[in-house]
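Below: the structure, in structure tokens.
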Amino acid sequence: PYISGVKDSATTIAGTAFDALEGVTAYDNEDGDLTSSITVESEPEMTFTDGVATPTQAGSYELIYTVVDSDGAKGNAYCTLNVARAAAAEKELYSFDFSDVTPGENDDRGWTANIGEEVEGTATLKEGAYVFDITALNGQGDGSVTLDKVVDGLTNGDYQIVVWAKSSLDTYVHLLANDASAQTWTNIGGGYNLKVGTSITKLTANFAINDETGTDSVDLRIHMGKITPNPENPDDSTPDAFSLFVEKIALYCTTGTQT
């Protein structure tokens, strides 16, 4: 017997019923039509009822089609089923907007600015933004100037931090997420060498919390300093003096977003 209509690969979404027998037939020269005798199994295992299964986990599954004729002869066919995660809208968990800050206001929205001893400059809330006026980095590198906040109570999932910022001169920053509960520096995600232009730039970085990271407390950080993405082009780097304006920071939960 032989099976016809099985594709080499197919795609579905977790939580959606998949009909593995759609368009599939079986025939044998002696027995004739054996379509109703086709069975389907999978590795990893799924439960099929009349050829229909509903995968709950994203991943790749090998489908094995089998039909047996009256003489015990067996025919097989194979398909790789790719199961994607179900699409879902991202959810904004926190939004820290400095755009309505007025000069002299002390509400830093829970964010802390730090400037290294060897760096000359200030960090103040003014002009509708958290403003870093750096008059001289003096060669101090990544992390010599930071803006950070610890966010507690996060559950397992995928996250994205978004920062809207601009600079008086093109500059670079790192956008990092660290395990705030760890005794040592433990990075769990982020974006590096993100360029900030002279008009509002949207910076994004991703991180995940799971059983392996084992934390619900994350230290979100914007790292500034002398950053040179390409060592072979030292002119393309953070200038020694600049003003950087952070207008808004948001944290999104993106678990369930199909990628």
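- Contacts of Thr204 classified as side chain to side chain donor-acceptor pair (under 3.5 Å), with partners at least two apart in sequence or in another chain: none.
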Apply the test side-chain contact (heavy atoms from CB on, under 4.5 Å) to residues Leu63 and Phe18: give CA-CA distance (whole Å), side-chain angles for both, the deciding distance (0.1 Å), then the verdict.
CA-CA 12 Å; Leu63 305 187; Phe18 174 75; 3.8 Å; yes

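- Taking CZ of Phe48 as the reference point, atom OG of Ser42 lies at 4.5 Å (rounded to 0.5 Å).
- For the atom pair OH of Tyr130 and CD1 of Ile222, the computed distance is 10.5 Å after rounding to the nearest 0.5 Å.
- Rounded to the nearest 0.5 Å, atoms CZ (Phe242) and CG (Asp133) are 9.5 Å apart.
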Go through it in stages, so that I can follow the logic: the residues are Tyr159 and Leu93, the test is side-chain contact (heavy atoms from CB on, under 4.5 Å), and I'd like the CA-CA distance, side-chain angles, deciding distance and then a yes or no.
CA-CA 10 Å; Tyr159 294 85; Leu93 300 181; 3.4 Å; yes

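- In the model, Asp148 has no side-chain atom that pairs as donor or acceptor with a side-chain atom of Thr112 under 3.5 Å.
- Each of Val173, Leu194, Ile249, Leu220 was checked for a side-chain contact (heavy atoms from CB on, under 4.5 Å) with Val163, and the lone residue meeting it is Ile249.
- Trp111 has its side chain out of reach of Leu125: every pair of non-hydrogen atoms, C-beta onward, lies at least 4.5 Å apart.
- Under the side chain to side chain donor-acceptor pair (under 3.5 Å) criterion, Asn76 pairs with Thr66, not counting sequence neighbours.
- Residue Leu34 comes nearest to Pro1 through the heavy atom pair CD1-CB, 4.0 Å, listed as atom of the first residue, atom of the second, then distance.
- No donor-acceptor pair under 3.5 Å is formed between the side chain of Asp216 and the backbone N or O of Asp152.
- Phe245 belongs to a hydrophobic cluster whose other members, connected by ILVMFWY side-chain contacts under 4.5 Å either directly or through intermediates, are Val131.
- For residues 218-228, every residue pair satisfying the salt bridge (Lys or Arg N to Asp or Glu O under 4.0 Å) rule, not counting sequence neighbours, is listed here: Asp219-Arg221.
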Which pairs would a plain distance check flag for residues 230-239, meaning a side-chain donor or acceptor within less than 3.5 Å of a matching protein atom at least two apart in sequence or in another chain?
from	atom 1	to	atom 2	distance (Å)
Asn230	OD1	Glu232	N	3.0
Asp236	OD1	Tyr172	OH	2.7
Asp236	OD2	Tyr172	OH	3.0
Ser237	OG	Pro234	O	3.1
Thr238	OG1	Thr171	OG1	3.4
Thr238	OG1	Gly225	O	3.0
Thr238	OG1	Ile227	N	3.3

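- Side-chain rings of Phe98 and Phe96 stay apart, their centers remaining 6.0 Å or farther from each other.
- Under a hydrophobic clustering in which Ile, Leu, Val, Met, Phe, Trp and Tyr are joined whenever their side-chain heavy atoms come within less than 4.5 Å, directly or via other members, Val40 and Val68 fall into different clusters.
- The side chain to side chain donor-acceptor pair (under 3.5 Å) check on Glu247 picks up nothing, with sequence neighbours excluded.
- With hydrogens and angles disregarded, a donor-acceptor distance shorter than 3.5 Å links the side chain of Tyr65 to the backbone of Ala20.
- A side-chain N or O of Asn156 and one of Asp211 form a donor-acceptor pair less than 3.5 Å apart.
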Show your working on side-chain contact (heavy atoms from CB on, under 4.5 Å) between Val83 and Gln57 and close with a plain yes or no.
CA-CA 7 Å; Val83 179; Gln57 298 294 325; over 6 Å; no

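- Scanning all heavy atoms of the two residues, the minimum distance from Leu244 to Ala165 falls at CD2-CB, 4.4 Å.
- Taking CG of Asp31 as the start and CG of Asp71 as the end, the distance is 6.5 Å to the nearest 0.5 Å.
- The backbone N or O of Ser199 lies less than 3.5 Å from a partner atom in the side chain of Thr201, making a donor-acceptor pair.
- Under the side chain to side chain donor-acceptor pair (under 3.5 Å) criterion, Glu62 pairs with Thr80, not counting sequence neighbours.
- Residues that satisfy the side-chain contact (heavy atoms from CB on, under 4.5 Å) test with Thr35, not counting sequence neighbours, are Thr25, Asp33, Ile38.
- Summarising the geometry, atom OG belonging to Ser60 is positioned 7.5 Å from atom CG belonging to Leu81; distances are rounded to the nearest 0.5 Å.
- Here the closest heavy-atom approach between residue Gly191 and residue Ala205 is recorded as N-CB, 3.3 Å.
- In this structure, the side-chain contact (heavy atoms from CB on, under 4.5 Å) partners of Glu120, at least two apart in sequence or on a different chain, are Thr135, Ala136, Asn138.
- Chaining together hydrophobic side chains whose heavy atoms lie under 4.5 Å apart leaves Leu169 on its own.
- To the nearest 0.5 Å, the span separating CG on Asp69 from OH on Tyr2 amounts to 12.5 Å.
- Follow the hydrophobic side-chain contacts under 4.5 Å out from Leu147 and you reach Ile134 in the same cluster.
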Sequence neighbours excluded and cut-off under 3.5 Å, please list the side-chain donor-acceptor pairs for residues 180-190, or say none.
from	atom 1	to	atom 2	distance (Å)
Ser181	OG	Asp179	OD1	2.6
Ser181	OG	Thr215	OG1	3.2
Thr186	OG1	Thr184	O	3.1
Asn187	OD1	Gly189	N	3.2
Asn187	OD1	Tyr192	OH	3.4
Asn187	ND2	Ala177	O	3.2
Asn187	ND2	Asn178	OD1	3.2
Asn187	ND2	Gly189	O	3.0

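- Side-chain N or O atoms of His174 include one that pairs as donor or acceptor with a backbone N or O of Asn193 at under 3.5 Å.
- Across Tyr61 and Pro44, no two heavy atoms sit closer than the pair CD2-O, 3.4 Å.
- In this structure a side-chain-to-backbone donor-acceptor pair under 3.5 Å is present from Ser144 to Gly141.
- In this structure, Tyr78 shares a hydrophobic cluster with Ile64, the cluster being traced through Ile, Leu, Val, Met, Phe, Trp and Tyr side chains under 4.5 angstrom apart.
- Of all heavy-atom pairs between Val6 and Cys79, the closest is CG1-CB, 3.8 Å.
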Stepwise side-chain contact (heavy atoms from CB on, under 4.5 Å) test for Ser217 and Val150
CA-CA 7 Å; Ser217 182; Val150 173; 3.4 Å; yes

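- Side-chain heavy atoms closer than 4.5 Å link hydrophobic residues (I, L, V, M, F, W, Y) into clusters, and following such links, even through other members, never connects Met224 to Leu176.
- Contact detail for Glu30 and Asp28: the closest heavy-atom pair is N-OD2, 3.0 Å.
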